[in-house]
There are 2 protein chains.
Amino acid sequence: MVKRTSFEGDSCPIARSLDALGDWWSLLIIREALFGLRRFGEFQSKLGMAKNILSVRLRALVDHGILATAPASDGSAYQEYVLTPKGRGTFPILVALRQWSEEFDDHPEEIATILVDREKGRPVKKLEMRAEDGRLLTPADTTLKLRPARRRRATG
Amino acid sequence: MVKRTSFEGDSCPIARSLDALGDWWSLLIIREALFGLRRFGEFQSKLGMAKNILSVRLRALVDHGILATAPASDGSAYQEYVLTPKGRGTFPILVALRQWSEEFDDHPEEIATILVDREKGRPVKKLEMRAEDGRLLTPADTTLKLRPARRRRATG
DNA sequence: CCAGTTAGTTGCATGATGAAACTAAGTTGC
DNA sequence: GCAACTTAGTTTCATCATGCAACTAACTGG
């Protein structure tokens with residue numbers, strides 16, 4: 001088969017995330033959902049994407065447990081797409097993407113918005129990698145370890 | 001045109017990031033590069049991807065300033081692909097993707113590796129969103145603000 | 001200088017994407 | 001209660017992207 005490769009069975013957690021989020025639209029749909037959008041038409045007009053693609057993406061996000069369908073909150077018979085906790089858990093990913101753009105984009109003057117904390121109105125701090133004891137870590141300070149195989153009961 | 005939509009001119013920094021990183025392979029190539037891979041053949045065999053796709057992706061990453069080509073460090077006449085600072089700056093994105101998978105994946109037992117701090121061998125702390133003054137922030141504690149238009153000199 | 005390796009490119013089949021048209025419920029005006 | 005409109009999709013078809021395999025050409029090792 002000449003199918004688009006899926007990373008579903010991959011053992012790398014990054015690949016597994018990308019299997020759910022790694023296309024052009026999913027993270028933008030999630031971004032809008034975090035911003036409060038819920039209805040098919042809202043996503044479609046805000047993102048300006050084709051409705052068939054949106055339809056496929058929404059279904060995939062629901063299948064992945066990132067969005068869930070719910071009866072419309074305005075009393076109409078239509079349904080809404082709302083983020084699950086798993087969906088809201090992508091927030092750090094979006095923040096990381098945003099901060100990367102803010103720091104490295106070739107044309108930062110074209111960036112229209114800043115993420116600020118609601119209380120003070122000041123920009124959110126840059127995400128930091130820290131060790132358990134609080135030390136600041138660079139990529140070079142980290143390494144990958146094999147996850148210990150989880151034994152069921154006292155089998156071994 | 002029925003071209004794949006590009007987010008290059010979009011004013012949202014997330015869309016702009018996705019324009020460079022938002023396909024199935026680029027972040028995995030960067031992951032391997034962070035892990036130390038440098039040569040075309042290394043990427044190809046490690047990722048198991050078609051060589052033409054790898055070729056296109058590497059060129060795109062170089063064009064985006066994420067990778068740079070350099071003469072091979074082993075003295076051969078071949079070239080290597082090394083991360084630029086902009087490329088290394090994607091590390092938080094990869095960590096966020098990894099942690100999302102670790103926290104929400106339906107089959108976490110299939111995840112093979114853990115990111116640990118090299119010194120202590122202990123897992124890296126979960127990325128946190130914090131305000132300038134250090135308060136821990138949830139998505140609901142944040143909001144978007146329009147970036148003040150940057151005036152050149154004292155034009156206004 | 002010949003065999004094998006490295007780093008690609010080309011060709012072709014197939015899958016994904018996108019615009020527009022189409023459909024079918026649900027809602028509104030009267 | 002029904003015609004007109006809105007919402008939420010699905011279908012169709014052209015085009016783009018992806019993936020495999022085969023091909024090419026430069027480099028390397030003996």
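Values reported hereafter were calculated over all heavy atoms of this structure, with side chains retained and with hydrogens, waters and symmetry mates removed. Per chain, numbering begins at 1; letters A, B, ... match sequence-line order.
Atom NZ of A/Lys51 is separated from atom P of D/dT7 by 10 Å (rounded to the nearest Å). Here the C1' atom of nucleotide D/dC16 and the CG atom of B/Asp23 are 14 Å apart, to the nearest Å. For A/Phe43 and D/dT7, the CZ to P distance is 15 Å, given to the nearest whole Å. Look at CG on B/Leu28: it is 13 Å from P on D/dT18, rounded to the nearest Å. Whole-Å rounding puts the A/Leu54 CG to C/dA20 C1' distance at 16 Å. Rounded to whole angstrom, the span from the CH2 atom of A/Trp24 across to the P atom of D/dA17 amounts to 9 Å. Taking atom CD1 of residue B/Ile53 and atom P of nucleotide C/dT10, one finds them 14 Å apart after rounding to whole Å. Summarising the geometry, the separation between CG on B/Leu58 and C1' on D/dT18 is reported as 16 Å, rounded to the nearest angstrom.
Between A/Tyr81 and D/dG9 there is a side-chain N or O to OP1 or OP2 distance below 4.0 Å. For the OP1/OP2 pair of D/dT10 and a distance below 4.0 Å, the side-chain nitrogens and oxygens of A/Ser55 include at least one atom meeting the criterion. Note on B/Trp25: a side-chain N or O is less than 4.0 Å away from OP1 or OP2 of D/dG19. A sub-4.0 Å separation between OP1 or OP2 of C/dT17 and a side-chain N or O of A/Arg57 is present. In this structure, A/Arg59 reaches the D/dT10 phosphate: one of its side-chain N or O atoms is under 4.0 Å from OP1 or OP2. The phosphate of D/dC27 has neither OP1 nor OP2 within less than 4.0 Å of any side-chain N or O from B/Arg39.
In the helix from C/dC1-D/dG30 to C/dC30-D/dG1, the terminal helix axes, each the rotation mapping four pairs' C1' atoms onto the next four within five end pairs, subtend 30°, rounded to 10°.
B/Ser55 and B/Asn52 form no side-chain donor-acceptor contact under 3.5 Å, judged by distance and modelled atom types alone. Side-chain contact check for B/Arg98 and B/Thr113: at least one donor-acceptor pair (N or O, by modelled atom type) lies under 3.5 Å.
At least one donor-acceptor pair under 3.5 Å links the side chain of A/Lys145 to the backbone N or O of B/Gly121. A donor-acceptor distance shorter than 3.5 angstrom exists from the side chain of A/Ser17 to the backbone of B/Leu97, with no hydrogens or angles considered. In this structure a side-chain-to-backbone donor-acceptor pair under 3.5 Å is present from B/Arg147 to A/Ile111. The backbone N or O of B/Thr142 sits less than 3.5 Å from a side-chain atom of A/Arg118, completing a donor-acceptor pair. In this structure a side-chain-to-backbone donor-acceptor pair under 3.5 Å is present from A/Lys86 to A/His64. A donor-acceptor pair under 3.5 Å is absent between the side-chain atoms of A/Glu110 and the main chain of B/Asp10, judged by distance alone. Checked by atom type and distance alone, the side chain of B/Asp105 never pairs as donor or acceptor with a backbone atom of B/Glu102 at under 3.5 Å.
In this structure, B/Gln44 reaches neither bases nor backbone, as no heavy-atom distance under 4.0 Å exists between it and the strands shown.
Pairing each heavy atom of B/Leu67 with each of B/Ala33, the nearest pair is CD2-CB, 4.4 Å.
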- Passes salt bridge (Lys or Arg N to Asp or Glu O under 4.0 Å), B/Asp74 versus B/Arg39? Steps please. CA-CA 11 Å; B/Asp74 64 355; B/Arg39 294 283 283 267; 3.3 Å; yes
Protein-nucleotides 2-4 of chain D N/O pairs under 3.5 Å:
none

Pairwise N/O distances under 3.5 Å, protein to nucleotides 24-30 of chain C:
from, atom 1, to, atom 2, distance (Å)
C/dT27, OP1, A/Ala77, N, 2.7

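Side-chain proximity of A/Phe40 to the nucleotides C/dA7, D/dT18, D/dA8 is greatest for D/dA8.
The aromatic rings of A/Phe43 and A/Tyr81 sit perpendicular to each other, their planes meeting at more than 60°, with 30° as the lower class boundary.
For the pair A/Asn52 and B/Glu42, nearest-nucleotide mapping onto DNA chain C gives the more 5' position to B/Glu42.
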